[in-house]
Structure formats: structure tokens, C-alpha cells
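Okay, structure first, notes after.
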Amino acid sequence: MAEIKRGQAKPAEEEEEEIITEDNVFEHYDEPQGFFPNQVMADLTVSFALLVITIILAYAVPADLVEPMDISTTDYVPRPEWFFFFLDQWLIYFPGAALVAFGDIAMPIIFAIVLFAIPWLDREPAYSPARRPYMVVLGFLVITAIVLNLFLSMVRILNFPGGSPAG
Amino acid sequence: MPEELQKDPLTRGQFLYMGAVGTMMGLALTVPPAFFIMDPALKATIFNRSDIPHVWREIGSIFEVPSGEATAFRVTFPQKQTYDSGGPNSRVGSLTETALASWHDGKIPDLVKKRSEGATFSKSEVRTLEKNINVMSNACTHMGCPVRWDSVHHQIVCPCHGGIYTINGMHVGGPPPHGLWRYVFRIREDGIIEVRHKWVQGTPWIV
Amino acid sequence: MTRIRDRMAERGRDVADWLEERTRLVSFMEKQLYEPTPRRGMWLYTLGSATLFLITIQFLTGILLLFYYVPTTKDAWNSIYYIMHHVYFGQLIRGMHFWGANLLLIVIGLHMIRTFLSGSYKPPREMNWVVGVALIILVSLLAFTGYALRWDQEGFYAWEVGMKIASYTPLIGAWAVSLLLGGDTVGPATLSRLFVFHVWLMPAILAPLIGVHLILLRLHGEFGAAFEYSERLAKLNKRKQYERMEEYFASDEEEEESSRGE
Amino acid sequence: MPIGNLHVPGIGKNTLIPMLVVPHTLIATFIIGIAMIGAVSEFAGMVTKRPNYDKFARGAAKFQLLLFATGSWLAFTFFFALITLFPTFWSYLFNIFWWVFLAEAFMFIGEVLAAYAWYYTWDKLAYRKTVHVTIGMVSALFGLAQMIFINVVASYMMSPSNGPATSVGWTFLNPTYLPLNMHRFVGNLSYAGFLIAGWAAWRYLRSTTEENREYYDWLGHWGIMWGFGFLLLQPMIGYEYMTEIRSHEVQAFRYLMMGNKAFLFNALTIELFIMSVTSALYFLHKIKFAVKPMPRLRRWAMGTTGVLAILGVLNMIPADLYIVPQIGMVFGPKDSPQDIAIDKTPPILMGAMYPWKYIGLFGLMLIGAVVLGLYLKASAGGFLWGRVNRWSQYGLILTAVTVTLTMMTMGYARETARRGGPENWLIRGCITFQQHVVSKNCPAGSRQAP
């Protein structure tokens, strides 16, 4: 069993001037840092902040519990969760039997497949966003489309008579 | 920890043996569970057996249906599903739904206007009444949200995505693919509407 | 005092050696903890571990909620009501589970956008991106089913819309819905299937996938973003420029020699 | 009522306001569009180091300043006309939108400073191009912000939100605010793009030197890229805008889509047809001059243009002859009903919205994207500028004229949406044309269920 040496680690010998070639440029970072003290510290603070937010929200805004499920209601206005608002708005663009199937199942599946295939769609060697305008612009367009749909559906829901406080 | 890998050759016999035993084990472990999970799907789609037995349930009398409006009647059906299907020490479940009833184009036929509450109708009168009344489910055909009568614009409105139907349940606007689901119903002599958990256009699922 | 401390340190070292001998745990931990990671974008890279932290909270609070939750149609709502009003810290645990899920979706979205913008899905890290996308789909399905477990109007109708969407799929529409419904109408079977999906099926798929995600990360090391390598890239470009210049001058000299040669 | 209830002789006050507003809107939309296109093309010039972009950006900045003065003059006179001719309506509107108009004023100052700074520091900041480009971007953003704030007023008048009129937040949250913003943003860019293309075509036909011909040919190409590109987004956003109107203002929807004003959307489809087909033909013609000859691509482009034309025609089929202004009088039913019966399929089957108009509109978008893609593929290899024939330039001028007409048709459609019901509204559900305030805390109080 190799004898475990204790005490001071061997000083790192002077690295001879390394020739940076095309493929080993991304081997080392410019400013590496140990994972344990530094990154873990940052992770801890972010996680702690998230924990505090959840606890505050848990007490400030208790998770709601509306009246029990009852199909035979005539005055309840069902709403999707906030993260499906954009899909709800997407539903409105595709009325009618054929279009609902297309807009509701085909499009999300295509979106998922494209999402899975991004590494094979984006073959540009450059990493920084400035060097790959197509992918970044496409990504930005998709994100704005989703966010805009989210707001559109939120405004529509807020302005439904039953939906808003003063309506 | 063995020092290096040892790759013995694989004979035909061993390969066939492993293949056969493997497939048998695979089948035994996948086919029954598949049927186990798909049981309700098989019963519902292939054998067309519904969770709700074929019973007629009263929803209300035709005199309660006003003119120019669609009113909601609650109806409760017995439901036999998993632990609610009346085993030795369990009860039969129930499913409450709403049926919207409205006269055709909102006009009460004069047959009903003349008769008072308790009067009885003849066979032919019942047939004409059945032609003139719409008994529809309140689930929107687009996404199943509960539709409601909008007295301002005299139409049936679905609050979720803005589906619009006329008083007869015909689809007018918005994303729904077709008009409201129409119950299979019959009218008794004394004017009581009875409904079965079956629809004219097929199975709407969910409702 | 120092003598006790030394003896304690001595005993600690013995335990460490004993453990190292049998499980090589200490060297494994060292390899994990002291691996070099990029410094410039440190705060960007916390998104990944924040998602991990939130998922562990979801697992923890989820299991705690299971102590009181009852998946029958008659009592699901009552059990939630009981948790919220009678159990000590019930509102906290359920609140953490609910708001944790919302925060998790936001953080996982940000994490995906960060990975997309920094281009860290480029070879050899494609598989990690694919596993990541599978994770985000699983998490949103989990959130979707969890919402309906309460069996109150809000949660139920959201789930019903989801099932109605499934019923529109061309070929297997009827099959998919009756599978999710457990029959042709909504009833106790629907809630138990919902319960199975949310409490066991999806987490059982999620947990190993997270493990795979982390292993793949460790395999190729954290890529960080392009601004981590700006100096090295600058050196590389400078060196290439010199090479091109030398080529250019070298070709001139040959011409002179060849012209002088004739 | 203040002193005298002024009467505008001759044309009357209800026509004076549009006479001032329509030119103002046309100029203002063009300014916002050209500011954005100019800023982006200056940035493109900085990145690609090609002189054309910078030359155009400079011309755009100068043109923007010239127009700016006339545009704002119209706005002020229109302001004063409203104050004097519609006192109660104006005081009511101003009370609701006090903060919005205040923000609007500051955006105006920002716009003025940035636009003038952008033009006059062109040479001084020539070596600090990034600073100069940011000034251009800032002036474009200020222009955009002006539009965003004025949209609140326009969309609120048509569809007031459910919340109390006093809370500023709710005035922004009225249902048609966001779609109006998206529709106008894309509309500005497409409108300005087509106008630039039209102006470049005019200058191309009049240019004498070879160098001028090449520059204006390139400018026509650059303008129509913006115009046609953003025109493709419009059907989707327009459809969303109309869905919002239908779900919140059923009366306005019936009046616009199925009632007396339905012809507006027939006019729109005709204009859409003209613009898309002429642009496609222009692309078809331009592909001939690509540096790398691509015969197969040109056949593909011909095919897609044909499909585009068919879809355009499909769009133009009216649902009911009654709504086509002149022809309706002759062929349509004599007792023209107030609106096409709701639950009856319209007489002309191919005119029905579902599924025909969907196929037409969204087909136009997709096939248009294909045509644009083919054209971009050809333009990637570079063009031989300056050799295009006269007809393609006439086509560009035609698109410029049609886009102005579309702007007016659509502006008119939005403003007349408030009429048509039993009551003509200035603010729907609150103030009628005769400036009679319906209920005390309107418009929130008077909103009924949809």
C-alpha cells in the first residue's frame, strides 16, 4: 500500500511555457479556483437565500386550497398554473379539431425534439454568444415568444370578469 | 480485484440458451404488468365498458326549464371504479355532473304552456317535446372547462379559452372543435327528464 | 489541553486511514472537493447546485407530506386540510414544497438559459445537455401532476385540461386518456394513478438521471463560459497570427530567391 | 361646458381630428421605424465594415430630423383641437392618463435630444463608433417608448380594463394593450422598411451615376428585407389581437369582423396580397443577379411565389357579398342584416374563417418565410448591384403606397371599433360620442360580463 506522506504538499514545479494549440486551449481556466472553499461558499449562499425565500413565502402566502373537486360546478373559472400560461395562450391560436391536435401536441413535441437536438443543430465551433449569432438570436426569439405569451394570457385572465378583484 | 479481463469464447449453445431463458423471463416480467396497467384502457376502449352502469337518473321537470335560457341541473350517477366498485365491505362511488337544459331557440312549445304542473303527456306529445329540448353536458368540448349561460349576450360561454355556443349548444366561435355534448335522455309522461351517462356524439372522456 | 487535542487528532487520522484502506473514501472526496473550477463566472455556476438543492428540498418535503397525505378521492382534500391546519409546521412543510416547486422551475429555467448561452453543450458535453432537457421535462411533469394531487377545483381542472390535450393525440388519443383516467370517467382510479406518477414513477426516473447528470459533469469538468479562457484564446490567436506572418514572409523570400535564381 | 361649444365650420369637429391625427400617425410611425432601422444598420455597418450601411444610416438620421418637426407640429395642433373641441372627454381622459402623458412628454424630450445628438455627432464620434451607435439605439428606444405609452391611451379607449379607472396599473392592464404594442412594433418596422424600399426605388429610377444606381439598388433590397420580413409576423400577431378583442369586446368584434366594417379586412387582405406578391416577384427578379448562379433555387422561388399568390387569393374571398361595399349593394341581400348571422356558415363557403382563412393567413406566413429564406440564401453569395430592371422598382413603389394604405385601413379599423353598437363610444362603456358620461366611476363600473 503506498505510504501516505503527510505534511506540506510538494511545491508545484514551474510549468514550462505551455504551447497553446487549437485543441488544448480549453483544457485549463485562466483563473482556476478550488471547488471546495470558493464555489461551495457561493452555492451555499445562493441555496440559503432560496431556502429563506421559500420559508418566508410558505408563511406569508400559504399554498392555497380551493373548495374540493366538483365537476358539476357552473361558476368556477379554471385556470392553469403560472408555468403553463404560455401553453394556455398557445391553445387559443389553434381552434378546431385538426388545429388543436397540431398546435397542442405536434408543436410541443417538435419543440422538445429541437431542444434535445440543439448540440447537433449548433455546430459552430465558437463558444461565446457573440460568435454564434444565429443560435443566440433564435434562442432569444423563442424565449421572448414564450414570455410574451405568458403576459398575454395573464392579461386575458386578469381581465376576465370573474378574474379580477374590481370587475 | 482480478488483474486483467478474461474473455472466454461464447459457444452457440450458450448463446441460444441465454437467449431463450432471457426472452422467457422478459416476457413473464413485462406482459402481465402491461395488462395490469392497461386494464382500464382495454375495458374502456376495446370492450366499451364504462365505469358508470346503464341507469336512468332524473334531472328535473320540463316545467322548470325557462324560456330563452339554459339552466343547470345537477345529476348524480353511481360510479364503480377501483375501490368504489361495491366489494364485500365497500360502497359504490358516485359522480355528480351538471346537465344544461334549454328549449330549442329558447321558445317554450305551447304544449307545455297550456299544461299545468301535474298534467301527463301522451306518447306523441312526448316525442315532439324530446325534439324541442336540448339536454347538454356543461363540459366545454375544447378542454372540458364548465361552460355557463351568459345572459348579457344570450349565449353559452366557456371561460377558459373563449369558446361560444348558441342556446342550442351549436358551436359558434372560439377554439372548441364542435358543439356541446348532448346527453341521451327521455321524458316521462309527467314531464320529468331522465338522463343516462351516455352521449349522442360518443365518449367525451373526463365527463 | 494540547495533549488531548493531539490524541484526538491522532485518533481522527487513524479512523481516516482505516476508512481509506477499505473504501478509498478520503481520496474520492479529495478528488471531488479540490477539483479546479472557474472563478470568473462563479456566481453563474451556482445555478446548477441551487437546482440540486431545491430538488433535494422537494424530495425531503415530499416524503414528509406523505406521512399525512391520503390518496383517496374522499379524503385527499381533507388530509391536505389537516396538514395545513393541525399538524405542527404543516403549513411550513407544504409551503416549502409548493413554493420550492415554483422556485425550482424558475431556477431550472435560468440554469438552462445559462448553459445555452455559454455554449457548454458543445462536444464532448452533448449527452449532458440531453439529460438536462429530460430533467426539465420531468420536473415540469412532476409540477403538473403535483398540482392536481390536492384534488381541489383548481388542481383538478388543471390536470383535466392536460388530459383533454392528451385525448387529442391522433392515434392513441383514447388509449392515452383512459390510461391516465383509469377508466372512462374521473374517479378514484384517476387520483391513484396521479399519485403513482407523482410520488414514485417520476422521482424514480428523476433521481438516477440527476446522478447521470452529475457524473457526466464530473467526467468532462465544468466548461464555464468563453470568458473563462479569454487570455489563453488571446495567446492562441497571437501565435497563429505570427505563424501566418512568417508564412507570408517566407513565401516572399522564396519568390525573391526564385526570381534572383533565374 | 366651458365658454362656447365651438363648431368647426364646414367639415365639423369629428372630421377635423382625424385630418390631423392620420398624417401625424403616418409620420410618427415612420420616424420610429426609421430610427430603429437606422440604428441597427449603423451597427451592421460597424460590424461588417461595409460603407452602404453607414451611408444609409446617416441619410436616415437626417430624414428623421426633417420629418420630426412636421410630425410634432401635427401632434400639438391635434392636442389643442381635442382640448377645445372635446372638453369633457379630454379632461376625463387626461385625469385617467395623467402619468402616462407625463411620461410621454419626457420620452419626447429624450427622443429630441438623442436624435439630434445622433445626427450632429456623426463625424465627431466617427472614431468612437460604439458610443455613437449607442446614441442611435437610445434615440430608437425613446421613439419606441413614446409609442408604448401612447398605446395605453389608444387601447384603453377601445377596451377599458376591469380594474378601477383611478389605479394607473389597471389602465396598463387593459386586455388589448399588449397585442396592440406587439402589432404596432412589428408594423412600424415593416411600414418603414417598405417606405425606404419605395424611396430607394424612386431614387434608383432617377439616379444617373453608376455608383448611385448600385447604392439605391442595395437600399431597395435592404428596405424590402425589413418590410417583407416583418410583414410575415403580422398575420399571427393580428390574429392574436383580434382574439383578444373577441374575448373582451364582443360588440366591437361583431362590428368589425361581421358587421358593416367587415370590408376593412377585405381591403386588408387585398393590400396584403399586393405587398406579398410584389415582394416575392422582386425577390424572384433579384435572384437572377446573384453572383453564384442558382437555377434550381430560382425554380423553387417561382413555385413558392405561385403558392403565395394562390393563398393570397384564398384570403381575399369575402365571406358574404353583402360586406363588399359596392358589389354588396348590387348582389348582396337587399335587407342587409346588421351582421352576418352568427351560427350560420357564411353564404360563400370558401370565405369562412375556419378553416379557409387559417390556411390562407398562416400559409402566407410560412410560404413567405420560405421565399425569404430562398432569397437570403441567394443574397448570401452577394449580388451584382445596379442592374435591376425598371419594373421591379415600380413594384417597390407600389408596395410603399400599399403599405401606407394598409396603415390607414388598420388605423381606421381600430378607431371605428368603438362605434357600431347601440351607442357610439369615445371610451367604451363610459363616454359616448356626444361626450355624455354614462356612469359615475366608469369605465370599471359599467363593464358587464362579456
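In what follows, every chain begins at residue 1, and chains take the letters A, B, ... in the order their sequences are listed.
In this structure, B:H171 has its ring center at least 6.0 angstrom away from the ring center of B:H178. Taking the six-membered ring for Trp and the full ring otherwise, B:W199 and B:H197 have centroids separated by under 6.0 Å. Residues C:F195 and C:Y69 place their aromatic rings such that the two centres sit under 6.0 Å apart.
B:D105 pairs with exactly one of B:T166, B:N134, B:N168 by the side-chain contact (heavy atoms from CB on, under 4.5 Å) rule, that one being B:N168.
Cysteines B:C160 and B:C145 are disulfide-linked, with SG atoms closer than 2.5 angstrom.
Within the 4.5 Å cutoff, no side-chain heavy atoms of B:I167 are placed close to those of B:H154. Considering only heavy atoms from C-beta on, B:I156 stays 4.5 Å or farther from B:D150 through its side chain.
Among pairs with a residue in residues 169-182 of chain C, none fulfils side chain to side chain donor-acceptor pair (under 3.5 Å), at least two apart in sequence or across chains. The side chain to side chain donor-acceptor pair (under 3.5 Å) analysis of residues 196-210 of chain C, with sequence neighbours excluded, yields the pairs C:T145-C:H198.
Of the atoms belonging to C:L180, not a single heavy atom falls under 4.5 Å from chain B.
Within residues 29-46 of chain B, the residues having any heavy atom closer than 4.5 Å to a heavy atom of chain C are B:I37, B:M38, B:P40, B:A41, B:L42, B:A44, B:T45, B:I46, listed by residue number. Residue-level contacts of residues 151-163 of chain C with chain B, in order of numbering, are C:Y157, C:E160, C:V161, C:M163; threshold 4.5 Å between heavy atoms.
Remark: C:R150 qualifies as a cation-pi partner of C:Y147 under the 6.0 Å distance and 45° angle criteria applied to the six-membered ring.
Your options are B:G144, B:P177, B:G93, B:P204, and the one with the most heavy-atom pairs under 4.5 Å with chain C is B:G144. Interface remark: of the candidates C:T73, C:T185, C:V186, C:T185 forms the most heavy-atom pairs closer than 4.5 Å to chain B.
In this structure a side-chain-to-backbone donor-acceptor pair under 3.5 Å is present from B:Q81 to C:G182.
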